[in-house]
Amino acid sequence: MRFPAEPFRIKVVEKIRRTTRDEREELLGRAGLNVFMIPSDAIYVDLLTDSGTGAMSDQQWAGLMIGDESYAGSKSFFKFETAVRDITGYPFVTPTHQGRVAENLLFSTICEKGKTVISNTHFDTTRANVEMNNAVALDLPVKEAYDPQLGKLWKGNMDLDKLEHELKKNRDNIPLVVMTVTNNSAGGQPVSMENIRASSRICKQYGVPFFIDCARFAENCWFIHEFEPGYKGKPIIEIARELFSHADGCWMSAKKDALVNIGGFIAMNDVELARKLQQKLILIEGFPTYGGLAGRDLEAVAIGLYEGMEIEYLQYRTAQVKYLGDMLLDAGISIVRPVGGHAVFIDAKTLCPHIPAEQFPGVAVTVALYREAGVRGVEIGSLMFGHKDKDGKHVAPPLELVRLAIPRRVYTTAHITYVAESLAELYNNRSKIKGLALTYEAPVLRHFTARMEEVG
Ligand code: F0G
């Protein structure tokens, strides 16, 4: 056995369809070679995201039936609030319908021109919410985060010297420091407790609030449990409580480690700030005891938060992701190392050395993977983050990646093996993968709607 078997059995199944290569070719043509435009029922294994795509348990489905849909003071809210308080220790808990709303409430309250928010790496929506409010989003990850082949642990960490330097220089203009666990935009890499503790100490010293973006906190705690001295054998919930105790608050997209299809929250110690956010919440989401969610959704989050911290589940979960990574390495495919908590990132530059950055090697791999195998991944490279300079020359980001994000409790080992074997075959025929040229691009977030054609 290469990894622990699924710690669950399957009670409900959802049919997935195997399309023919001809059908996929036609769909790709209609989609302008953009896998975002492919209908999901024509996808065999969908690794576009691990967000909101997980399978709920029987307990969570049962929870839906007892969801209390009262507008104010719902029983389900109190269950949700008790769970969040129990795990994070923060008294003021505000539900939101997903993570980015929490970001919107927070950054529209604390950001303005001249302010800088610091993170180990802002996730895209976090960055966008900071920048929308005219502030600067500054990433200060450790330098190892930029070296994809370096198989070192804790590549999600914050660079402590740089953090201290910025706070010393500019503390009055830094309304918040946020640690993203795990560090999604840096390959889902974990952050060590030592780094969280030290970042917290520095923030306290300069009087700057320290928050956790905890979308994948349980996966991060699993890495601490496995690899950080002093934590082996400790229950994950205790590790989580320690992690949160170092911060002043957190926000969460519950669509990841809380194992639900929709949900989120923001929680904190500061009552004044919490009240300000709740005023805005009423305008954009709803009353503070439901925050854009149905009572049944709150119920499912309250249950999922604990299920996401079960050690057998986390062992299986992280091992399944690593299994895919190891199979790709065995096939000779370069990936970001070590494998993070929720996804495997393929290094498209080494898979397609014949495709220059301005011909989008990452997108070319996603097209080939869909065409040959019906598997959907997502490019994180020149299409998503590249731009043109004033002479119209393509400016590429440092890495050309394809993210294969694994939904939670959804695919079996056989599905994952199928993905790995399809990629191995693609790798053996990699010289046939063609570069792409844009035929349409939107002025912002072009990767969602871009249309392309093959060149050469
Ligand atoms: N923070 C992190 C670290 C995230 O990964 C995400 C979403 C968000 C915040 C925003 O939460 O989607 O509930 O509004 N990540 C998804 C992904 C979209 O595919 O990685 P949301």
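Remember, it's 1-based here, ligands and their atoms both numbered in the order they're listed.
Put simply, the side chain of N34 gets close to the backbone of A450: a donor and an acceptor are under 3.5 Å apart.
In summary, the aromatic rings of F8 and Y316 are positioned with their centroids under 6.0 Å apart.
With T121 as the partner, the side chain to side chain donor-acceptor pair (under 3.5 Å) test is satisfied by one option alone out of N183, D139, T126, N184: N183.
Contacts of ligand 1 (protein heavy-atom distance under 4.0 Å) are T49, S51, Q98, G99, R100, E103, F123, T125, T180, N184, D213, R216, S253, K255, K256, R403.
I202 is not listed as a side-chain neighbour of M158, based on a closest heavy-atom distance of 4.5 Å or more.
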Return all side-chain donor-acceptor pairs below 3.5 angstrom for residues 186-194, not counting sequence neighbours, or 'none' if the list is empty.
unit_1: Q189; atom_1: NE2; unit_2: P338; atom_2: O; d: 2.8
unit_1: S192; atom_1: OG; unit_2: N195; atom_2: N; d: 3.0

- For E307 and R409, what are the C-alpha separation, side-chain angles and deciding distance, and is it a salt bridge (charged side-chain N to carboxylate O under 4.0 Å, His left out)? CA-CA 11 Å; E307 289 184 359; R409 305 191 292 206; 3.0 Å; yes
